[in-house]
Amino acid sequence: MILFFVMNQIDAHVVQPLVMGQQVNIHPVMVIVTFLVMGKLFGFIGVLLAVPTAAVIITLIDEFMPEEKLIESVGIEGRIDVESND
């Protein structure tokens, strides 16, 4: 009984988020957070729709936000000035 409980917890909290994250290109932590938030807001239906909703939102952000603006908003510059070390 204890072995079943431990294996079930490992499957539910480690394996499933990893597999779902790889299938829809979402980080496993994001999958867990999405489950928690959607479950809290909408109950069981929210848990069922959590990963598809997150995938749609991430796809829309990727499609409608250009790469340059993403890089600028994070603060990463595309070039490195190596010769400025005088």
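All residue numbers in this chain count up from 1 along the given sequence.
- For the atom pair CZ (Phe42) and CG (Leu48), the distance works out to 13.0 Å, reported to the nearest 0.5 Å.
- The minimum heavy-atom distance linking Ile26 with Ala55 is given by the pair CD1-N, 3.7 Å.
- In this structure, the side chains of Gln9 and Phe5 come closer than 4.5 Å at one or more pairs of heavy atoms.
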Show me the donor-acceptor pairs, under 3.5 Å and distance only, between side chains in residues 28-41 and residues at least two apart or in other chains.
from	atom 1	to	atom 2	distance (Å)
Thr34	OG1	Met30	O	2.6

